Number of protein chains: 2
Amino acid sequence: MTADPALPQIEDLLCFSVYSAGLAFNQLYRPLLDDIGLTYPQFLVMVALWNHEGCSVKELGEALFLDSSTLTPLLKRLEAAGLITRLRNPRDERQVLLRVTGKGNGLKGKAAQVSCAIAGAVGISAEAARALRTSLDDIRDKIHDHAE
Amino acid sequence: MTADPALPQIEDLLCFSVYSAGLAFNQLYRPLLDDIGLTYPQFLVMVALWNHEGCSVKELGEALFLDSSTLTPLLKRLEAAGLITRLRNPRDERQVLLRVTGKGNGLKGKAAQVSCAIAGAVGISAEAARALRTSLDDIRDKIHDHAE
DNA sequence: GGCATATAAATCGCGTGCAAATTAATCGCA
DNA sequence: TGCGATTAATTTGCACGCGATTTATATGCC
């Protein structure tokens with residue numbers, strides 16, 4: 001019954017709690033977002049774009065901690081779905097500026113409903129959620145700092 | 001400055017804190033695990049197998065909250081690397097039983113070192129980590145319950 | 001101006017995650 | 001015993017994530 005003391009149980013790893021909670025959120029969002037034709041990462045991108053109209057791929061990536069190699073194909077799918085536009089910045093042709101279309105803005109209401117449904121399913125107080133977010137964001141930032 | 005009250009900022013979503021912390025853990029583990037030839041999910045599988053010798057794919061999936069369609073290809077890669085064996089259970093040929101090879105067990109020490117390095121980089125107390133794990137595990141379990 | 005350097009996206013390859021369908025083996029029950 | 005229902009694993013298709021490379025554009029320095 002006594003395990004190797006240097007070797008943790010999977011349940012004792014903080015990273016695993018984060019990992020499995022992340023999977024669970026994905027599974028919780030999936031059926032709700034299916035109704036509006038978005039994946040979970042696409043939903044996060046849309047939320048970010050609703051608050052960062054006209055930003056570049058790089059700026060979006062900084063907000064979401066994602067690389068352009070992840071975002072480019074995802075953004076092309078959102079463009080193909082008619083939810084956003086991708087246009088080169090005339091002032092700096094290296095950048096691609098992202099804008100939400102009318103159709104994309106039409107999802108705001110349903111997206112807000114999904115957010116509320118999620119909050120209800122998770123069922124923790126706003127105060128507890130805030131504390132948890134702070135802890136997780138601190139860890140994330142510390143890890144990023146650690147990598148310089 | 002006042003955003004649509006029904007529409008959250010990305011930073012206000014608990015799911016995003018979990019999501020981005022998960023990405024950060026992955027990025028933190030990657031270079032360390034590269035040295036022993038494992039990916040982050042493969043590392044989690046090995047930790048689970050070290051504590052569940054001889055379990056089936058289904059049992060492993062229950063421990064990690066992963067589907068067999070995710071695990072089968074991953075386990076085949078671990079088998080190809082010589083770290084585990086996959087053998088049908090003679091008592092029930094539907095099951096595949098997983099065992100760690102000598103080579104696989106040889107990674108235990110280095111895996112433990114990686115765990116310690118991670119704990120150091122995250123830099124929170126064991127007590128704070130335990131509290132955080134409890135909160136995240138509660139949320140994960142509540143989400144799973146919610147899906148029945 | 002001219003050219004090395006730096007920056008922003010896009011591309012490529014690989015390994016997850018997971019829904020849906022398939023295959024093989026076991027169970028349950030008349 | 002036999003056969004439909006259940007279960008375990010695999011396969012397939014698609015969408016991430018990300019390291020590494022490539023392409024196109026802009027910057028800096030002479």
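What you see is a predicted model, and the numbers here were worked out from it, not measured in a lab. Proteins get letters first, then strands, A, B, ... in listed order; numbering begins at 1 in each.
Between A:Gln27 and the phosphate of C:dA19, there is no side-chain N or O to OP1/OP2 separation shorter than 4.0 Å. Using a 4.0 Å cut-off, some side-chain N or O of B:Lys76 falls inside it from OP1 or OP2 of D:dT11. For the pair A:Gln95 and C:dA9, the criterion of a side-chain N or O lying under 4.0 Å from OP1 or OP2 is not met. The side chain of A:Arg86 contributes an N or O atom lying less than 4.0 Å from OP1 or OP2 of C:dA10. OP1 and OP2 of D:dG17 both lie 4.0 Å or more from every side-chain N or O belonging to B:Tyr40. Side-chain nitrogen and oxygen atoms of B:Thr70 include none within less than 4.0 Å of the OP1 or OP2 phosphate oxygen of C:dG17. Phosphate contact (OP1/OP2 of C:dA9, side-chain N/O of A:Ser56, threshold under 4.0 Å): present.
Note: CZ (A:Arg88) to C1' (D:dA24) measures 7 Å, nearest angstrom. For the pair B:Glu93 CD and C:dT23 P, the interatomic distance rounds to 19 Å; values are reported in whole Å. As rounded to whole Å, 13 Å separates atom P of C:dA19 from atom CG of A:Leu32. Taking atom NZ of residue A:Lys58 and atom P of nucleotide C:dA6, one finds them 15 Å apart after rounding to whole Å. Look at CG on A:Asp67: it is 12 Å from P on C:dA10, rounded to the nearest Å. In this structure, B:Asn89 atom CG and D:dA9 atom P are separated by 9 Å, rounded to whole Å.
Note on B:Arg77: a base of the nucleic acid sits closer than 4.0 angstrom, heavy atoms only. Heavy atoms of A:Leu74 sit under 4.0 angstrom from primed sugar atoms or phosphate atoms, though from no base atom. Contact annotation for A:Thr39: backbone-only contact, meaning every heavy-atom pair under 4.0 Å involves sugar-phosphate atoms and none involves a base. Nucleic acid contact class of B:Leu23 (heavy atoms, under 4.0 Å, all strands): sugar-phosphate only.
Taking every side-chain heavy atom of B:Val96 into account, D:dT10 is the closest of D:dT10, C:dG17, D:dG17. When each of C:dA10, D:dC18, C:dA25 is scored by its nearest atom to the side-chain atoms of A:Leu66, the top-ranked nucleotide is D:dC18. Of the candidate nucleotides C:dA9, D:dT11, C:dT11, C:dA9 has the atom nearest to the side chain of A:Val57. Comparing D:dT25, C:dT16, C:dA25 by their nearest atom to the side chain of B:Gln42 picks out C:dT16.
A salt bridge does not link A:Glu79 with A:Lys76: none of the charged nitrogens is closer than 4.0 Å to a carboxylate oxygen. Ion pairing between B:Lys142 and B:Asp145 fails under the 4.0 Å rule for side-chain N and carboxylate O.
For the pair A:Asn51 (side chain) and A:Val47 (backbone), a donor-acceptor distance under 3.5 Å is present. No side-chain donor-acceptor contact under 3.5 Å links B:Ser56 to the backbone of B:Val96. Side chain of B:Arg133 to backbone of A:Phe16: no donor-acceptor contact under 3.5 angstrom is found.
Looking only at side-chain heavy atoms (C-beta outward), B:Gln27 and A:Ile143 stay at 4.5 Å or farther from each other.
Comparing A:Tyr19 and A:Ser68 along DNA chain C, the residue whose closest nucleotide (by nearest heavy atom) sits nearer the 5' end is A:Ser68. Positionally, the nearest nucleotide of DNA chain D for B:Arg94 lies more toward the 5' end than for the other of B:Asn26 and B:Arg94. In terms of position on DNA chain C, the residue among B:Pro41 and A:Leu97 whose nearest nucleotide sits closer to the 5' end is A:Leu97.
A single hydrophobic cluster is not seen to contain both B:Leu97 and B:Val100; linkage of ILVMFWY side chains at heavy-atom distances under 4.5 Å, directly or through other members, places them apart.
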Using atom names, set out every protein N or O paired with an N or O of nucleotides 21-23 of chain D below 3.5 Å, distance rounded to 0.1 Å.
none

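Between B:Trp50 and B:Gly104, the shortest heavy-atom distance links the atoms CZ2-O, 3.3 Å. Taking all atoms of both residues into account, the shortest heavy-atom contact from B:Leu13 to B:Pro8 is CD2-CG, 3.6 Å.
With hydrogens and angles ignored, a donor-acceptor pair under 3.5 angstrom links the side chain of A:Ser69 to the base of D:dG19.
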